[in-house]
Amino acid sequence: MPTLRDTIAEDLRTQITTGHLKPGDRLPSEPKLATHYKVSTPTVRQALALLQAEGLIEKTHGKGNFVRTPLRRITYTGGAGVPFAPDLQTTIRTTTVRARGHIRALLKVPSNTPLTEFHCTTYEGETPRSVARIYVPRDLVSAAQLASSSWPGGRDQGGTETQETVTARLPTPEEVTALRISPTRAVLTITRITLNATGRVLEAALLAFPSDAADAVFTTHPTLKEETNR
């Protein structure tokens, strides 16, 4: 049975999707919505939080809640460095860091191993669409790769296996700033590990996208053994 929160969210969602409320429109204040729906203000806030998480509205502190302009969805293809499309641009910043904590565990290297961090932000116009932090052991990165502004789009490390973990969660403060999103707006995250034929981890990538404007597509190719068994 729908709760009052869900009923309010569904009514506002319908008004947005049918065009009754248009992009840029300001919603009535929370007290006015509470009076209209005959509920408490906290219940209204819960309903608005659902719409914020879906990316339908955006709260501007001191001004109110506004209907968001829908973003075109972008697609992440399994195994890719960053999303790619002709109208997307990627900025890349590199720095040297030391392997610690979660990153050290992903790369399976000793603590304090020198790493090169590639910090990539993908934009559509001036709007950030994804962020990625890609970590590579320093001994695997050449000077040419460090200087290349086209990496990671065409970089080939000789990896033979890719492992990817997909998670939906609330953004970190860093992701809120980098993606310019509300802290209540969920992100789709992909942790990608690339290994070579000997099992050495060549790189670890941590990617994040606003979940309401991104899809992830993974294609599986049957092995020769699987095809023979058919």
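Atoms considered below: every heavy atom in the structure, side chains included; atoms not considered: hydrogens, waters and symmetry mates. This chain uses plain numbering: 1 for the first residue, then up along the sequence.
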I need the full list of salt bridge (Lys or Arg N to Asp or Glu O under 4.0 Å) pairs touching residues 34-44, with sequence neighbours left out, sorted by first then second residue.
none
Counterpart residues, salt bridge (charged side-chain N to carboxylate O under 4.0 Å, His left out), relative to Glu175 (two or more places apart):
Arg169
Those residues at least two apart in sequence (or on a different chain) that pass side chain to side chain donor-acceptor pair (under 3.5 Å) with Thr189 are none
Could I get the full list of salt bridge (charged side-chain N to carboxylate O under 4.0 Å, His left out) partners for Asp215, not counting sequence neighbours?
Arg73
How would you list all residue pairs meeting salt bridge (Lys or Arg N to Asp or Glu O under 4.0 Å) that involve residues 89-108, not counting sequence neighbours?
none
According to salt bridge (charged side-chain N to carboxylate O under 4.0 Å, His left out), who are the partners of Glu174, at least two apart in sequence or on a separate chain?
Arg133
With sequence neighbours left out, write down each residue that passes side chain to side chain donor-acceptor pair (under 3.5 Å) with Thr14, or none if nothing qualifies.
Glu10
Applying side-chain contact (heavy atoms from CB on, under 4.5 Å), name anything that partners Lys63, two or more places apart in sequence or on another chain.
Thr60, Phe66
Going by side-chain contact (heavy atoms from CB on, under 4.5 Å), Leu33 matches just one of Ile8, Leu48, Thr43. Which one?
Leu48
Can a salt bridge be assigned to the pair Asp11 and Arg5 using a cut-off of 4.0 Å between side-chain N and carboxylate O?
no
Output all residues satisfying salt bridge (charged side-chain N to carboxylate O under 4.0 Å, His left out) with Glu164, sequence neighbours left out; order by chain, then residue number.
none
Looking at residues at least two apart in the chain, or sitting in another chain, which of them share a side chain to side chain donor-acceptor pair (under 3.5 Å) with Thr96?
Arg138
Name all residues meeting the side chain to side chain donor-acceptor pair (under 3.5 Å) criterion together with Thr167; count only those two or more places apart in sequence or in a different chain, and write none if there are none.
none
Residue set satisfying side-chain contact (heavy atoms from CB on, under 4.5 Å) with Pro42, at least two apart, ordered chain then number -> Ser40
